[in-house]
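Notes follow once the structure below has been shown.
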Amino acid sequence: MTVLVTGAAGYIGSHAVLTLADAGREVVAIDDLSAGLRELIPAAVPFVQADIADRSRIGAVLKEHRVQAVLHFAGSISVAESVRDPLRYYQNNTAGSAALLASCVEAGVRSFVFSSTAAVYGAPKILPVPETATLAPINPYGASKAMTERTLADVGAAHGLNWAALRYFNVAGADPALRSGQAGGEVTHLIRRAVLAALGRAPFAIHGDDYPTPDGTCVRDYVHVTDLVAAHLTVLDALAAGQSGVVLNVGYGTGTSVRDVVRAVEGAAGTTLAAPVGPRRPGDPPILVADSKRLRRDFGWTPRFEDLDTIVASALAWERKRTG
Ligand code: UFG
């Protein structure tokens with residue numbers, strides 16, 4: 001079964017390609033290289049530089065490689081940017097995904113796994129938030145992904161495409177063998193920014209400490225990218241076996257504040273981090289923590305890197321390797 005990975009040169013997509021290749025699966029990688037880096041994809045994996053919305057190119061790739069399943073990671077990923085430039089998000093994440101789905105339906109693809117986000121919940125009332133919570137995104141990023149979840153449900157019902165939407169919480173860390181990690185694009189994510197600051201390569205600030213949380217800074221559920229990708233392989237198998245409409249949170253269920261992350265980075269790097277408190281960042285919910293019982297119980301997901309210090313250590317090792 002050949003699996004097409006979109007956004008394959010990006011952070012999560014490249015880890016998915018590595019894991020699929022490690023598992024001996026047939027994989028074809030596509031990316032438009034607008035943010036991704038070609039060098040993150042192993043040379044032995046077939047790579048096509050293409051936009052997911054390019055119906056004829058994508059259609060040709062699906063047919064040529066007899067693709068049966070798609071892992072769809074391509075998309076724009078910054079909450080703050082989505083507030084400044086919403087049309088980019090509705091274009092890339094919503095319209096782009098609809099075009100990709102049209103190509104998949106036409107080519108008879110059997111399974112489709114979509115990288116959704118915890119941002120579809122907005123600022124949830126129930127924490128840890130279960131998959132059954134109402135979708136109420138508070139920024140265009142979350143809204144653009146929620147629309148694609150709805151599109152998938154409708155397309156799946158109409159065309160018999162087996163689908164899953166995995167709602168990622170805060171993905172961080174790097175491949176344990178340091179073959180990939182966060183690279184390229186605008187640096188906005190907390191762990192990467194804090195690690196770069198600890199290495200003396202970028203300034204750092206805490207975006208607000210007046211939230212209704214134990215230490216006043218935002219609380220998130222950080223999940224190691226390798227554990228996240230493992231969930232995709234499990235779900236792919238479930239879809240191939242006939243399941244569909246699989247909606248799953250991917251997080252550990254552990255709340256970690258911005259200050260907790262700062263302390264972990266200081267510990268890993270053996271340094272003190274200047275962490276002045278700046279204003280809140282628009283679009284940030286105070287707390288997002290996953291209820292991931294469904295993934296653990298129904299899909300046997302057993303994380304291997306469920307520890308903040310492990311995540312931070314791998315992010316630091318990757319950054320050291322990358323930037324010397
Ligand atoms: N933060 C700082 N300083 C920084 C960077 C971030 O204080 O330099 C804070 C943010 O304000 C936020 C927290 O750290 O409170 C986490 O921010 P990230 O940018 O690392 O992550 P987000 O929570 O904004 O977003 C991420 C993904 C989304 C996903 C979301 C779900 O980018 O795709 O997690 O929780 F939807």
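Only a predicted model underlies this, so the values are computations on that prediction, with no experimental measurement involved. Counting starts at 1 for both ligands and their atoms, in listed order.
Nearest to atom 35 (O) of ligand 1 among the protein's heavy atoms is Asn170 OD1, 2.6 Å. From the protein, the heavy atom lying nearest to atom 9 (C) of ligand 1 is Val258 CG2, 3.8 Å. What sits closest to atom 29 (C) of ligand 1 on the protein, heavy atoms only, is Thr117 OG1, 3.2 Å. The single protein non-hydrogen atom nearest to atom 20 (O) of ligand 1 is Leu190 N, 2.7 Å, given as residue, atom name and distance.
The Ala118 neighbourhood of ligand 1 comprises atoms 31 (C), with distances under 4.0 Å to a heavy atom of that residue. Distances below 4.0 Å separate heavy atoms of Asp284 from the following atoms of ligand 1: 10 (C), 11 (O), 12 (C), 15 (O), 24 (O). The ligand atoms of ligand 1 that sit less than 4.0 angstrom from a heavy atom of Ile206 are 7 (O). Near Cys218, meaning under 4.0 Å from one of its heavy atoms, ligand 1 places the atoms 15 (O). Numbered from 1 in the order shown, with element, the atoms of ligand 1 that lie under 4.0 Å from a heavy atom of Thr188 read 5 (C), 6 (C), 19 (O). Ligand 1 places these atoms under 4.0 Å from at least one heavy atom of Ala119: 36 (F). Of all atoms in ligand 1, numbered sequentially from 1 with element shown, those under 4.0 Å from a heavy atom of Leu288 are 31 (C), 35 (O). Those atoms of ligand 1 that come under 4.0 Å of a heavy atom in Arg281, given as number and element, are 6 (C), 10 (C), 11 (O), 12 (C), 17 (O), 18 (P), 19 (O), 22 (P), 24 (O).
A distance-only check finds no donor-acceptor pair linking the side chain of Asn249 to the backbone of Gly251 [under 3.5 Å]. A donor-acceptor pair under 3.5 Å links the side-chain atoms of Asp227 to the main chain of Arg304, judged by distance alone. Within the 3.5 Å criterion, the main-chain N or O of Arg110 finds no donor-acceptor partner in the side chain of Gln68. Between the side chain of Arg294 and the backbone N or O of Val247 there is at least one donor-acceptor pair closer than 3.5 Å. Arg193 places no side-chain N or O within 3.5 Å of a backbone atom of Ala205 that could act as its donor or acceptor partner. Between the Ser314 side chain and the Ala174 main chain, a donor and an acceptor come within less than 3.5 Å of each other.
Residue contacts with ligand 1, taken as heavy atom pairs separated by less than 4.0 Å, do not involve Val171 at all. For His189, heavy-atom contacts with ligand 1 shorter than 4.0 Å involve the backbone as well as the side chain. The residue Arg280 has no part lying near ligand 1, judged by heavy-atom distances below 4.0 Å. Heavy atoms of His207 found under 4.0 angstrom from ligand 1 belong to the backbone as well as the side chain.
Pairing each heavy atom of Leu33 with each of Leu37, the nearest pair is CD2-C, 4.3 Å. The minimum heavy-atom distance between Ala264 and Asp309, with the atom names listed, is CB-OD1, 3.7 Å. Here the closest non-hydrogen pair linking Asp31 and Ala9 is OD2-N, 2.8 Å.
The pair Arg280-Asp210 meets the salt-bridge criterion, with a side-chain N (NZ, NE, NH1 or NH2) lying under 4.0 Å from an Asp/Glu carboxylate O.
Heavy-atom contacts from other residues, nucleotides or ligands closer than 6.0 Å to CZ of Arg55 number more than 12.
With Arg167, Arg192, Arg259, Arg220 as candidates, the residue nearest to atom 23 (O) of ligand 1 on a non-hydrogen basis is Arg220.
Residue Tyr222 places a heavy atom under 4.0 Å from ligand 1. Ligand 1 is approached by Tyr141 to a heavy-atom distance shorter than 4.0 Å.
Among the atoms of Ala205, some N or O lies under 3.5 angstrom from an N or O of ligand 1. Of the polar atoms of Phe204, none of the N or O atoms is found under 3.5 Å from an N or O of ligand 1, judged by distance alone.
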Subject >> From CA spacing to verdict: ring pair (Phe, Tyr, Trp, His ring centres under 6.0 Å), His232, Phe73 >> reply: CA-CA 11 Å; His232 290 70; Phe73 298 101; 5.2 Å; yes

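Side chains of Phe169 and Ser292 form no contact here, defined as non-hydrogen atoms less than 4.5 Å apart.
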